[in-house]
Amino acid sequence: MKGILLFEAKSCVTGDQAVYRRPAYRTTIQPNRDMKFTVNHINLCGMSSPLPTVSPLLVVMLLLLFGTGTMTAESSSDEDRYTQQRESMVQQQIANRGIEDQLTLDAMRSVPRHLFVPESQQRRAYNDNPLPIGHGQTISQPYIVAMMTELIEPRSDMRVLEIGTGSGYQAAVLAEFTDEVYTIEIIGDLAQFGENNLRDAGYDFVNVKHADGYHGWEEHAPFDAIVVTAAADHIPPPLVEQLKDGGRMIIPVGSPFQTQNLMLVEKDGEDIQTRNLLPVRFVPFTREDD
Amino acid sequence: MKDFFARIPLSIGITSLALIAFQLVIMQILSITQWHHFAYMVISMAMLGFGAAGTFLALFREWLKKHVVTVLPILYVLCAVSMAATSWMVGIFGDFDAFLLFFERAQIGVMVFSYLVYCLPFFFGGLAITLVFYHQVEEIGRLYFFNLGGSAFGGVAAIALFWIIPLPYIASLLALLVLIAAWLVKPPDRRFAVVLAAGLLLPVAGFLYPVTPQTSEYKAIYASLQLPDAEVVHESSSPFGLLQSVSAPAQRFAPALSLQYRGEPPVRDILFNNGEYFGTMLGRFDSDERHILDYTTRGLPYAVRNPESMLVLKSGTGNDISHGLTHGLDRIDAVEPHRQANNLLMNRHPEWIDSLYHQPGVTVHGSSVRTWLAGHPGPEVDLVTLPVLGAFGGTSGVHALQEQNHLTLEAFHEIWDRLGDTGMIAVTVWTEHPPRAPLKLAATWRQLLDDHGITHPQEHIMAVRSWGTITFLLSRTPFTGSEREAARNFSGSLNFDPLFLSDIRPEERERHNRTEDRSFFEQIDQLILGDPGPLFAEYLFDIRPATDDRPFFSHFMTWQSIPELREMYGDDQLPYMELGFILAGVTLIQIVLASLILILLPLFRVGWKGTRRRWTFLYFSGIGIGFMFFEMVLIQKLVLYLGQPVYATAAVLAALLLFSGIGSFYSSRLDTVRRTLLRTGGIIVALILLYALLLMPLLHLSMSWPLIAKTIHVAVLLAPPAFFMGMMFPFGLRLLSGSNETQIPWACGIDSCLSVSATALATLIALGSGFTLVMGIAAAAYGVTTLASLRMGEGK
């Protein structure tokens with residue numbers, strides 16, 4: 001059996017300023033005829049070391065501990081990595097693009113997006129783009145989710161309806177600042193996928209329904225905000241009805257892999273206004289004369 | 001042995017027929033599972049199998065030639081087996097989904113594997129044919145005739161098969177044909193019977209266990225089928241595509257419905273063609289109920305005037321007809337080229353649309369728009385509608401490569417000429433960002449009005465927008481004050497906003513539907529009121545009017561704008577802005593790189609120096625490029641002329657190949673001397689240039705002839721250039737056989753590679769500069785061939 005144990009030196013610089021903390025050497029473990037493992041030290045700093053002989057049992061125990069420790073270290077390092085990516089996502093993709101609402105930023109910072117995508121996509125969960133989640137659906141680009149959240153002007157006492165649960169990510173973000181989140185998904189498998197994701201990520205208080213979102217969720221209407229994440233070529237009249245006076249509805253317009261516009265629908269009594277928003281900073285589509 | 005060589009030409013003819021038909025089958029399958037331009041990309045790469053065959057032959061020519069009696073039938077068997085196996089093999093590493101190509105890098109690997117799978121039949125078939133050319137170059141005229149003739153019939157055969165046999169079975173049937181070719185040239189060795197029997201297994205399995213094409217998850221039909229209780233209630237296949245009708249209780253028709261609508265949108269079945277939305281089967285509305293489209297911007301023409309007659313161009317499933325009938329129109333002519341859909345809704349299942357097509361005053365014509373307009377002078381109409389442009393959520397630029405002859409400047413001129421005094425044209429566009437289609441439409445109408453000497457274009461155009469769509473109206477006579485007021489009332493009652501009126505006030509434009517992109521209003525004003533020129537130059541997208549020479553209305557991206565767009569949108573999103581255009585470029589790059597390898601590789605075997613290889617390269621490159629460029633322009637022009645795109649393409653291809661084959665056959669009677677080549681090449685160049693100038697005027701004169709007369713006219717037009725073009729390839733091979741026989745396989749490979757490259761290149765040139773330039777390059781390519789013939793084959 002051959003294995004490598006590598007101990008990293010914090011520093012290995014000779015001279016007055018050297019801070020020598022741990023030796024840096026590469027260790028190979030080789031079997032011998034007596035099934036004793038001989039550990040050879042090769043000191044990369046040019047310092048020689050003796051050749052100790054170690055008990056096999058101790059080595060096995062060390063290996064087991066090392067292995068377990070490695071796995072644990074790997075899991076916690078994965079979590080650390082995701083946390084770092086999430087923080088980076090919030091800073092670079094969201095805050096830097098003008099999202100200022102603190103509730104939104106905190107929510108985006110808290111929700112583990114990687115738990116809402118298929119395993120094959122997890123390493124790209126915090127990239128600046130949508131990701132496919134099956135059934136021709138996507139989990140939206142983080143910026144879009146943040147912008148949609150900010151646009152509904154989140155408050156802790158809001159009652160929010162989401163049409164199109166999908167991965168459950170948007171619902172999880174909404175659930176970070178309010179307990180009253182209702183989400184509907186028309187595709188059965190996706191409804192289950194989203195519900196499972198929400199439960200596994202600790203958002204089991206989110207109300208998930210497998211139904212046709214066209215009719216909204218009348219029993220819990222009216223809603224302070226309605227977030228429509230599933231593209232439809234019309235805005236269902238029942239949703240407009242179930243929006244509170246002064247409420248806001250957000251709908252993305254555009255193919256999932258294209259730059260999407262967000263459309264804000266505001267209800268003020270009988271008057272309903274729409275506003276077509278641009279998700280990226282608007283730049284006129286002209287170029288300088290040559 | 002004598003029998004063996006006697007049957008070779010027939011075996012070539014059969015294999016050529018099967019290969020071309022197979023190409024069309026894959027095209028159809030990929031159009032169903034993916035999108036048309038992805039199909040084009042995969043097919044283009046697969047066709048390089050012919051080029052690879054030439055390279056392979058160049059590398060192993062002596063051995064192959066020596067064992068031709070054994071090798072040839074085996075190659076046919078391999079061709080048949082790989083043909084039958086494609087539908088299984090292609091899914092081994094998972095389904096390729098072209099929509100994810102720029103997102104999931106793993107798709108690149110799956111795509112490359114797809115290329116290889118589809119390439120195999122062309123490789124084996126091409127190798128067999130090229131081997132025969134090499135082995136019997138003295139018979140090249142006759143052999144090439146069988147090759148081209150077989151190819152000609154292959155296209156026609158595929159069209160017929162699409163009607164008769166379900167798509168999943170056709171590849172297996174074609175594989176059986178190739179096995180017949182193998183049997184024709186079977187060697188005396190009885191063991192070959194075992195090989196043949198083994199080869200039968202896969203085609204037979206293909207009949208017993210056909211693989212049904214699976215549609216991409218990102219196609220419209222997939223979304224419909226995800227709805228609860230959704231089911232496919234009808235499915236039928238034809239050369240026009242796979243038509244499927246989907247029924248689902250949650251499938252509502254309400255495109256860009258007004259937010260003031262309080263009813264329940266109708267639930268209707270949807271018709272899909274190749275997985276893409278074709279139309280909702282809306283049917284009729286009761287006379288006392290308001291039509292659902294009156295709650296969208298498409299109700300504008302009826303709010304402004306009271307038309308009595310209507311022309312619906314590309315009527316789809318008849319929704320505009322339904323709308324018109326509700327408003328009491330007396331006469332409605334509808335033009336829809338998809339004959340299968342027409343037949344379905346008129347004859348087989350008229351109840352799906354409440355027998356709309358059988359209503360008094362309604363006439364449906366199964367023809368392309370331009371052909372119908374040219375052939376039916378007819379009475380004037382009050383209202384002309386065109387299909388809605390774009391789609392909710394965008395189309396990801398999937399139509400960028402499609403020729404849309406009904407949206408060119410010339411088309412609008414012809415439509416304008418059909419309008420009565422108070423006639424209007426109505427076009428609805430889905431809102432998009434960045435705006436492209438609405439601007440291009442405005443630019444086109446402005447040009448149209450300028451061409452007619454109308455000095456106040458703003459009086460003739462109005463537009464209303466909602467949160468989702470914009471409807472533009474173009475009127476022959478200026479809109480009156482009361483009509484503009486009617487448009488305002490219509491807008492106000494439904495939460496729409498006027499986008500353009502001659503007396504529009506800025507605050508009117510965003511009363512109900514605000515936007516942060518106010519430059520859009522300025523751009524519309526500039527196009528209609530001001531000088532469009534500076535905007536054309538400054539705008540990052542090409543919004544110049546489409547013309548018959550560049551009939552790509554949905555093509556907006558330019559090479560110059562790509563760096564800036566990349567900076568704005570990033571590499572990940574840019575491809576989806578105009579996927580067709582990006583893919584055309586990607587296809588060309590792939591083909592050129594692969595062709596370079598295939599063309600250069602044999603030189604390691606045959607040597608780099610001496611033997612005047614550059615002349616061989618130039619000669620056969622010129623043929624490959626020239627023929628394909630000429631073919632593509634002819635198809636574009638003649639499809640417009642004949643009307644039925646599917647049949648017209650097959651007919652034009654068949655005629656071109658057949659007459660080329662006849663020319664090839666005739667070339668055997670001529671001495672292969674340089675004088676002959678010069679003369680033939682010169683005639684070809686002259687004919688191409690003549691056609692570049694005179695073809696369209698000639699076709700225009702006879703546009704109103706009956707279809708039979710037009711078909712004969714096309715055959716007469718195609719015969720001369722095709723006849724002479726068919727001679728150049730056999731001339732070239734005979735010239736080489738006399739001096740540099742080793743280059744023959746290499747020459748075949750060059751011709752194949754450059755033909756495939758030419759397809760991709762021609763598309764890009766046409767997108768940017770028009771088909772006239774493509775024609776000019778075709779002439780230049782044959783000019784190069786002619787000049788190269790002076791030196792090719794000289795010395796060692």
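Values in this document were obtained by computation on a predicted structure and should not be read as measured data.
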Next item on the list: Supply the atom-to-atom distance B/Phe253 CZ to A/Asp233 CG, rounded to the nearest 0.5 angstrom.
Entry: 8.0 Å
Item checked: Audit row: A/Arg275, B/Glu510, side-chain contact (heavy atoms from CB on, under 4.5 Å) steps and yes/no -> CA-CA 9 Å; A/Arg275 186 151 63 107; B/Glu510 289 189 280; over 6 Å; no
Margin query: So B/Asn513 and A/Asn276, do their side chains get closer than 4.5 Å, heavy atoms only?
Written below: no
Checklist line | Close approach to chain B in residues 263-270 of chain A, criterion heavy atom under 4.5 Å | finding: A/Met263, A/Val265, A/Glu266, A/Glu270
Item checked: Contact leader toward chain B among A/Asp189, A/Asn127, A/Ile187, where contacts are heavy-atom pairs under 4.5 Å -> A/Ile187
Check: Should B/Tyr261 and A/Val240 count as side-chain neighbours, where that means a heavy-atom distance under 4.5 Å?
Finding: no
Next item on the list: Would you name the heavy atoms of A/Gln273 and B/Arg511 that are closest together and state the gap between them?
Entry: NE2-O, 2.8 Å
Next item on the list: Sort out for me which of A/Ser120, A/Pro238, A/Pro237, A/Pro236 touches chain B most, counting heavy-atom pairs under 4.5 Å.
Entry: A/Pro237
Margin query: For B/Pro265, which atoms come within 4.5 Å of any heavy atom of chain A: side chain, backbone, both, or neither?
Written below: both
Note to self: Show the nearest heavy-atom pair for residues A/Gln137 and B/Tyr218, with the distance to one decimal.
What the structure shows: O-OH, 4.0 Å
Next item on the list: Could you tell me which portion of B/Ala223 (side chain, backbone, both or neither) has an atom closer than 4.5 angstrom to a non-hydrogen atom of chain A?
Entry: neither
Next item on the list: Kindly compute the distance separating CD (B/Gln226) from CD1 (A/Ile186), expressed to the nearest 0.5 Å.
Entry: 10.0 Å
Checklist line | Gap between atom CG of A/Asp271 and atom CG of B/Asn495 - 0.5 Å precision | finding: 6.5 Å
Check: Less than 4.5 Å apart, any side-chain heavy atom of B/Arg514 and any of A/Thr274?
Finding: no
Item checked: Per-residue contact mode, B/Tyr222 against chain A (heavy atom under 4.5 angstrom) -> side chain
Next item on the list: Heavy-atom pairs under 4.5 Å with chain A are the metric here; pick the option from B/Leu225, B/Leu259, B/Thr469, B/Thr515 that has the most.
Entry: B/Leu259
Checklist line | Contact class of A/Glu241 relative to chain B, heavy atoms under 4.5 angstrom | finding: side chain
Notebook entry, point to check: How long is the gap from OH on A/Tyr214 to CD on B/Glu264, to the nearest 0.5 Å?
Noted result: 4.5 Å
